[in-house]
S.K.: 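Take a look at the following structure, please.
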Amino acid sequence: MNYDYIIIGNGIAGYSALKELAKDTDKKTLIISKEKENTYYRTQLSHFISKDFTDKECYVCKDSWYKEHDIDVKLDCKVTKINTDKKTIITENDEEIGYEKLLIATGARAFVPPIKGVESDGVFAIRTLDDLKSFKKSLEDSNTVIIIGGGILGLEAAKSIQKTGRKVVVIESFDYILNKQLDNELSLKLKDELEKLNIIAKTGKNTTEILSEDGKVSGVKLDDGEVVEGELILVQTGIRSNIEIAKNSGLETDRGIMVNKNLKVEDKDIYVAGDAAQIGKATMGLWTAAMEMGQIAGKNMLGDNLEYDTPKPFSLLNLDEIKLFSAGSHDGEEMKKEDGDKIYKLFKKDDKIIGGILWQDTKYMNDVKKIVFEGKPLEETKLKEIFE
């Protein structure tokens, strides 16, 4: 069978493109994915660790939406190769399906470092709904959970696990937790606040071995010889783009699949969006970026000529008791204000504000972004009330 548009991958990038393509009611569209479920909120998986839920609660839209827009959906089906000359995709079952325009939105997978013992029973990396369900089942018989990786996702998972009554130990290789988002003062403060929640952060430590008894996780050994006991391990050490289809098809790849600013593979009717795409030296790895890329790719498949601008880095963390926002760099002269437990910091370099951190009061985050990324004067934002 032939389609006008085919999307490989039904993460948020693929779904966002699909919403645009659905506007072209005269064309036939297929979305195909190796996942067993329709598009779900992947960024919310950590939050569901502490909650009972049904799959449909995680879905971005109702199943009926696809039928209403006459979109064909093929789930639990892996695409292995693209024949760019014939303009067809080939599935693992050797089915060949034709396209006029194609979007690759295969996303990324969790990166699991080659730590000794990593294959032991009880080691998880949550990237899919199936991963989450398996982890929750194992959590029932665990008292202490060790998280390798102290980034935003690691801390969100730690908080969700803490809500179930388990002790959590976070292993972070950098000397300061969230060292890219926070300065040293607030990083140490965050560490102290986490300990109040029974989340212990061990910083400046690397995991050299995952220990096990009879093949089942019993703890980890750190590079200074310390042994941390635990029955379950969650690895949160980043992601790697899924580029195997592109490699098998002769498309140019690096860390991601190479595209221009229009998200198009040169000289092909092929577009790439989301975590799988690479523009220049940049891969995104952000939900909001994948959503925007999907929208732009979908519009361009319909005939537009839009360009995607690489987003500026910012981070938001909400752990109920702990809230923080960070944007830009904190390598500069510090401007600091305090109001009870609230802390506001801006960082200046060469008379320009290059970064900002909000601790326990994130309502000014849009002002910080405008100041840091757009050069808007502090005096023209609501933050002037704080720094007067």
S.K.: Would the W65 and Y59 ring centres measure less than 6.0 Å apart?
M.R.: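 Between W65 and Y59, the centre distance exceeds or equals 6.0 Å.
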S.K.: Could you state whether I371 and W359 fall into the same hydrophobic cluster, counting links through intermediate Ile, Leu, Val, Met, Phe, Trp or Tyr residues with side-chain heavy atoms under 4.5 angstrom apart?
M.R.: no
S.K.: Cluster question for you: counting only ILVMFWY and a side-chain heavy-atom cut-off of under 4.5 Å, with indirect links fine, are I199 and L139 together?
M.R.: yes
S.K.: Check the orientation of F135 and F124. Use parallel for under 30°, tilted for 30 to 60°, and perpendicular for over 60°.
M.R.: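 The arrangement is perpendicular - the two ring planes meet at more than 60°.
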S.K.: At their closest point, which heavy atom of I6 faces which heavy atom of G98, and how far apart are they?
M.R.: CD1-O, 3.4 Å
S.K.: Would you name the heavy atoms of N262 and N260 that are closest together and state the gap between them?
M.R.: N-OD1, 2.9 Å
S.K.: Taking F347 as the starting point, is it possible to reach I386 by hopping between hydrophobic residues whose side chains are less than 4.5 Å apart?
M.R.: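 Unlinked, I386 and F347 end up in two clusters.
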S.K.: Which heavy-atom pair separates I71 from I31 by the least distance, and what is that distance?
M.R.: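 Heavy atoms of I71 and I31 come nearest at CG2-CG2, 4.3 Å.
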S.K.: Is the shortest distance from a Lys or Arg side-chain nitrogen in E95 or K74 to a carboxylate oxygen in the other one below 4.0 Å?
M.R.: yes
S.K.: What is the minimum heavy-atom distance between L132 and L45, and which atoms define it?
M.R.: CD1-O, 3.5 Å
S.K.: Is a side-chain donor-acceptor pair under 3.5 Å present for D131 with T128?
M.R.: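 Yes - a donor-acceptor pair under 3.5 Å links their side chains.
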S.K.: Which donor-acceptor pairs under 3.5 Å do the side chains of residues 280-296 make with protein atoms, sequence neighbours left out?
M.R.:
unit_1 : atom_1 : unit_2 : atom_2 : d
T283   : OG1    : R255   : NH1    : 3.0

S.K.: Provide the full list of side chain to side chain donor-acceptor pair (under 3.5 Å) pairs with a residue in residues 97-108, sequence neighbours left out, each pair given once.
M.R.: none
S.K.: Above 12 or not: heavy atoms from other molecules or residues under 6.0 Å from NZ of K81?
M.R.: no
S.K.: Between K51 and E57, is there a side-chain N and carboxylate O pair less than 4.0 Å apart?
M.R.: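 The answer is no: the pair does not qualify as a salt bridge.
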S.K.: Determine, for E193 against K196, whether the closest basic-nitrogen to carboxylate-oxygen distance falls under 4.0 angstrom.
M.R.: yes
S.K.: Quick test of your reading of the model: are K159 and E321 salt-bridged, counting only N-O distances below 4.0 Å?
M.R.: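 Between E321 and K159 there is a salt bridge, with a charged N closer than 4.0 Å to a carboxylate O.
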S.K.: Return the orientation label for the F314 and F325 ring planes: parallel under 30°, perpendicular over 60°, tilted otherwise.
M.R.: tilted
S.K.: I'd like to know if D70 and K28 make a salt bridge, using a cut-off of under 4.0 Å between side-chain N and carboxylate O.
M.R.: yes
S.K.: What are the two closest heavy atoms between E195 and I200, and how far apart are they?
M.R.: CG-CD1, 4.0 Å
S.K.: Is any side-chain N of the basic residue among E20 and K23 closer than 4.0 Å to the acidic one's carboxylate O?
M.R.: yes
S.K.: Between Y271 and N300, is any side-chain donor less than 3.5 angstrom from a side-chain acceptor?
M.R.: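 Note: Y271 and N300 side chains miss the donor-acceptor criterion.
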S.K.: Would you tell me whether S160 and S50 have side-chain atoms, one donor and one acceptor, within less than 3.5 Å of each other?
M.R.: yes
S.K.: Just checking, any donor-acceptor pair under 3.5 angstrom between side chains of T381 and D367?
M.R.: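 Judged by distance alone, the side chains do not pair up.
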S.K.: Looking at every non-hydrogen atom in both residues, tell me the closest pair between I7 and G14 and how far apart they are.
M.R.: CD1-O, 3.5 Å
S.K.: Would a single hydrophobic cluster contain both V118 and L234, if residues Ile, Leu, Val, Met, Phe, Trp and Tyr are joined by side-chain heavy-atom contacts under 4.5 Å?
M.R.: no
S.K.: Between Y40 and D55, is any side-chain donor less than 3.5 angstrom from a side-chain acceptor?
M.R.: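 On atom types as modelled, these side chains do not qualify, holding no pair under 3.5 Å.
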